J.: 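Please see the structure below; I have some questions.
Worth saying up front: this structure is predicted, and the values here are computed from it rather than measured. Just so you know, these numbers use all the heavy atoms, side chains as well, and skip hydrogens, waters and symmetry mates. Numbered from 1 within each chain, the chains take letters A, B, ... in sequence-line order.
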Amino acid sequence: MTETTPSPNTGFTRIRVDAFEDVPEQPGARKPDPILVVESLTRRFGGLMAVDVDHLEFQRGAITGLIGPNGAGKTTLFNLLTGFDKPNTGTWSFNGRPMRGLSAHKVAQAGMVRTFQLTKALSRLTVMDNMKLGATGQTGERFFPSLVRSRWRGQEKAIEERAEALLERFNLHHMRDEFAGALSGGQRKLLEMARALMVEPELVMLDEPMAGVNPALAQTIIGHVRDLAADGLSVVFVEHDMDVVRTVSDWVVVMAEGRVIAEGRHASIVTNPEVIDAYLGRHHGTPLDPAEQERQLAEAQAEIEAELEAEERAREQEGA
Amino acid sequence: MDWESIFSNTLESAIGRDAMVFALAAIGLNLHFGYTGLLNFGQAGFMAVGAYGVGITVVEFDAPLWVGVIVGIVGAVGLALLLGLPTLRLRADYLAITTIAAGEILRFIFRAAEFRDFTGGSNGINGFARDFTNANPFNGDFELWLISFSATQMWYLTVGWALVLLSVLLIWLLTRSPWGRVLKAIREDEDAVRALGKNVYAYKMQSLIVGGVIGSLAGMMLAISARSVQPDNYGTPTTFFAYACLILGGAATIWGPVVGSMIFWSIMAFTENLLRQLVENDHIPDSIMSGVQVGQVRFMLMGLGLALLMIFRPQGVFGDRREIALTTR
């Protein structure tokens, strides 16, 4: 299904995923081999419906970009799927396993690991300790075995080697013994990504990995995201910059006001009128028709009158 | 001016009962606050549970001392579970509020007239340390240079400092391990740790239990060395003295709480003895300060000293300045 061809221009190994060939470009489209399936998921904050997704599938081995204007519910969806928030209704399954009600650490252990929009480097731990923390199933992390070094020394060494390799790949190796708090913003993003890989996930969920980093570093991060997919991982990433999405994603899901309003390849997304409306506002360029304008004016007028009346009544009552 | 007595008292305080008891209490707090970031303001409550566990078991139920020690430890585990179950899922400040309240609730329960038959009310409990005194291998006084201790003092100091060393060893083993790494990570950002697949709640609970049990040992040693349990010895000032010791020595360091406690109590002894001598020898006139005010003034000086420490050496004696710099994000 997947065909790998080295691209002479970028130096990156470009993945062409033909998996999407027969997938219709519409919200809720079925994918041939979904790793994550979301079913009628809602999350309400008071009167605001933050997330309201009917059906959504993420293809295994692909890079899916989740885009939408600010407040579209992208991060809330991430929080729900990774156990950091509880939905009002709905279910979702990862690798066929139902995930609703699982706490955040269980979700991560299941192989679905996320990063955060505001980077969470563990400042007063060294870069190496940050990395080692990511490894799962450590004997030395259990209370009683932790007291006896010989019980975890071997495992620790293996973990360290894996961490070294990842730090090398993410170009952080020279910082391995520095406190993570001493890293620059961009290095922290890289560290967080590398640390997530220590968990050995199947699906990586990146919340705005390119936000707030300089353009050069953003290119580096894009490269790393591509490498993840090249290694066979599935990637979902949130982004509100359409240009970034274009260069890296195989498939794009667009959210607005909590709903999935469009899905498809990047080329079809940018010309989709629904998406343009969501980004630029529903009424851009088109004047209100006279009847609508009349109705809105009348409504406002009625409101003002009602308010004035109420005020007058209150004043009368005071006087009496 | 009798400088020799000033220095002898200071030295004795540096390794004396209070230094030993508060070293233990601060070691427990260090695991909570220094390593895990849990704001436990109820360490005195854990100490009280240890002390009353021993006192009530031995005096009211006629059990041997070791049974009392076990009861005290089990009680501390129970208190940690009781406090932790509802609050450890919440933000850190809720734990602070709950623990400070729980500590005070415990003190009021222990001193309540209602329960006088068990706790002795505000008089406390006496006469439970016989097993301990009988096991004393020391005879006669101990003297070395300026320091002198009685045989009884030597016995409880030996046991107490042995417990301190054992606790330090335990904390060292725990914090150098991957388990300790998870605790430190939780202190930094628990959501990040959760996202990496660690059960943050379970780790916080384990930390609360271990630190609480070490706190209960401090309470037991205070009770056994004084041969009585007094409810008002386990009020909030006790918790805050332990915090002062911890901050003084350096939080999240192995020896910080121990050395902090030794420094704290030797400064207390030094200022008290110095002021007392100055007043007695009329170097300080009565119009400024009388002998009975020495106790209060030394606390003022201690407070001033701590304030200066926070300004010039916020990391404490052993802390790493680089780490402190990173916390001001």
J.: How long is the straight-line distance from CZ of A:F144 back to CH2 of B:W179, given to the nearest 0.5 Å?
T.: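 Between atom CH2 of B:W179 and atom CZ of A:F144 there are 10.0 Å.
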
J.: At what distance, to the nearest 0.5 angstrom, does CZ of B:R187 lie from OG of A:S123?
T.: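 Reported value, rounded in 0.5 Å steps: 10.0 Å.
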
J.: Provide the closest heavy-atom pair for B:R176 versus A:W152 in the form atom of the first, atom of the second, distance.
T.: O-CH2, 3.8 Å

J.: Select, from A:R114, A:R195, A:K106, the one with the greatest count of heavy-atom pairs under 4.5 Å involving chain B.
T.: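 Counting heavy-atom pairs under 4.5 Å, the top option is A:R195.
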
J.: Can you tell me if A:L118 has over 12 outside heavy atoms packed within less than 6.0 Å of its CG?
T.: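 12 or below, so no.
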
J.: Heavy-atom pairs under 4.5 Å with chain B: which of A:Q109, A:Q155, A:R149, A:M112 has the most?
T.: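 Among A:Q109, A:Q155, A:R149, A:M112, the one with the most close pairs to chain B is A:R149.
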
J.: Looking only at heavy atoms, what is the nearest atom pair of A:L125 and B:A185, with distance?
T.: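 Nearest pair, atom of A:L125 first, then B:A185: CD2-CB, 3.9 Å.
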
J.: Looking at B:A195 and A:V113, what are the two nearest heavy atoms and their distance?
T.: O-CG1, 3.8 Å

J.: Among residues 134-143 of chain A, which ones touch chain B with a heavy-atom distance under 4.5 Å?
T.: A:G134, A:A135, A:T136, A:Q138, A:G140, A:E141, A:R142, A:F143

J.: Find out whether A:K120 and B:D191 are in side-chain contact, i.e. whether some heavy atom of one side chain is under 4.5 Å from a heavy atom of the other.
T.: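 Yes. Closest side-chain heavy atoms under 4.5 Å.
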
J.: Using the side-chain contact (heavy atoms from CB on, under 4.5 Å) rule, pick out the option among B:V193, B:L196, B:N199 that qualifies with A:H105.
T.: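 Among B:V193, B:L196, B:N199, the one that satisfies the side-chain contact (heavy atoms from CB on, under 4.5 Å) with A:H105 is B:N199.
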
J.: Measuring heavy-atom distances to chain A, does B:Y203 have an atom under 4.5 Å in its side chain, in its backbone, in both, or in neither?
T.: side chain

J.: With a 4.5 angstrom heavy-atom cut-off, which part of A:A104 approaches chain B: side chain, backbone, both or neither?
T.: both

J.: Heavy-atom count check: over 12 atoms from other residues, nucleotides or ligands less than 6.0 Å from A:K157 NZ?
T.: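 Not buried by this count: 12 neighbours or fewer within 6.0 Å.
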
J.: Just how far is it from atom OG of A:S146 to atom CG of B:L173, taken to the nearest 0.5 Å?
T.: 8.0 Å

J.: Are B:R181 and A:E156 within salt-bridge range, i.e. N to O under 4.0 Å?
T.: yes

J.: So does B:F240 have more than 12 non-hydrogen atoms from other groups sitting under 6.0 Å from CZ?
T.: yes

J.: Which value, rounded to the nearest 0.5 Å, describes the distance between A:N130 atom CG and B:E188 atom CD?
T.: 8.5 Å

J.: How about B:L170 and A:L147: do any of their side-chain heavy atoms sit closer than 4.5 Å?
T.: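 SC-SC contact between B:L170 and A:L147 confirmed.
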
